[in-house]
Amino acid sequence: MAPTPPEWPTPKFTLHIDDLTHPGTRVFISAVTPLSALRDACLASFAALYTPHSVPRNVQTITFILCSIPGAVAHTTGSAHHKEIHLSLEHIHSTRGPRARDEIRGVLTHEAVHCFQHDAGGSCNSCPAFSPDIVMHTPLGRGCGPGFVQRLNARLETGPHRDAVPEELAGKGVDALWGAYCAALERTRGGGGGGGEKEEEEEREEEEGDDAMWEVVEVGEGAAMPLDTKTERAG
């Protein structure tokens, strides 16, 4: 019998809401289920960057903080074992409406990548277009061949980042890849099309199934609400 592959090391999640009366909080609670959104963001990051055998297992907890950050979207900070994702309540409120759910989940996935990606000792910030968090969310990753994001992330494990890395991995320089990305983006914007309604409905039903695993709690200054992924449904 073949050995069972290891599972993804999903961390413990904690949710902190600075202001329950902020209109952005109401948008967030109406648009997503926190546990599902955080878990899916981490799993998407793992699948894009690693295999179950190579994924790092150092991050033990991720605290998700909804707070006021005027003029910003989100940022991630923390140590090797504990990460914090800060999401702007103002930005959430600005996306109210049909696109709120996708925007929140997309930002969470982007920030989750920062929790787990290799960053060449911090030097890949000098070339953000080819950080793994950017590439995995664009046609760049798909256009550079199978496994490109994982190979790029692995190359950034030891660093430092060099401008020649994308060409070494994809056979094209930064300018050529960026041009291809812009062209693909324009085609996507011009193509329109539907077909995603059924998938969106299925994802919403899955999120609703997690409702019994969390509850809105009045959270005050310095307090937090634990969202352990191992919490069982209330009977």
Output yes when a side-chain donor or acceptor of Q150 lies under 3.5 Å from a complementary backbone atom of Y50, and no otherwise. yes

State the OG1-CD distance between T77 and E111, to the nearest 0.5 angstrom. 11.0 Å

Is I65 reachable from V27 through a run of hydrophobic residues whose side-chain heavy atoms are each under 4.5 Å from the next? no

Give the C-alpha distance, both sets of side-chain angles, the deciding distance and a yes or no for side chain to side chain contact (heavy atoms under 4.5 Å, CB included) between H75 and H114. CA-CA 9 Å; H75 68 269; H114 287 309; over 6 Å; no

R105 side chain to D102 main-chain N or O, any donor-acceptor pair under 3.5 Å? no

In Å, rounded to the nearest 0.5 Å, how long is the span from CD of E90 to SG of C67? 8.5 Å

Validation row: E7, P52 side chains within 4.5 angstrom (heavy atoms): no

Quick one: OG on S36 to CG on L108, what's the gap to the nearest 0.5 Å? 11.5 Å

Identify the heavy atoms of T25 and D19 that sit nearest to each other, and give their distance. OG1-O, 2.7 Å

Rounded to the nearest 0.5 Å, how far apart are SG of C42 and CD1 of I85? 6.5 Å

Heavy atoms of T21 and R26 approach each other most closely as O-NH1, 3.2 Å

State the CG-CG distance between L15 and L66, to the nearest 0.5 angstrom. 6.0 Å

Could I get the full list of salt bridge (Lys or Arg N to Asp or Glu O under 4.0 Å) partners for E103, not counting sequence neighbours? R99

A74 versus L87, closest heavy-atom pair with distance: CB-CD1, 3.9 Å

Please report the closest heavy-atom contact between I69 and H86, naming both atoms and the distance. CD1-CB, 4.0 Å

Classify the angle between the aromatic ring planes of W8 and F46 as parallel (below 30°), tilted (30 to 60°) or perpendicular (above 60°). parallel

Hey, which of H81, K12, H82 is the one that makes side chain to side chain donor-acceptor pair (under 3.5 Å) with T61? H82

Correct closest heavy-atom pair for F28 and I92 would be N-CG2, 3.9 Å

Value for OG1 (T109) from CG (L38), rounded to nearest 0.5 Å, stands at 9.5 Å

A side-chain contact here means heavy atoms from C-beta on lying under 4.5 Å apart; do P11 and P9 qualify? no

Could you check C115 against T76 for side chain to side chain contact (heavy atoms under 4.5 Å, CB included), going step by step and ending with a plain yes or no? CA-CA 7 Å; C115 295; T76 295; 3.8 Å; yes

Minimal non-hydrogen separation, F116 against A112, with atom names: CD1-O, 3.1 Å

Can you sort out the partners of S94 under side-chain hydrogen bond (donor to acceptor under 3.5 Å, both in side chains), two or more places apart, ordered by chain and number? none

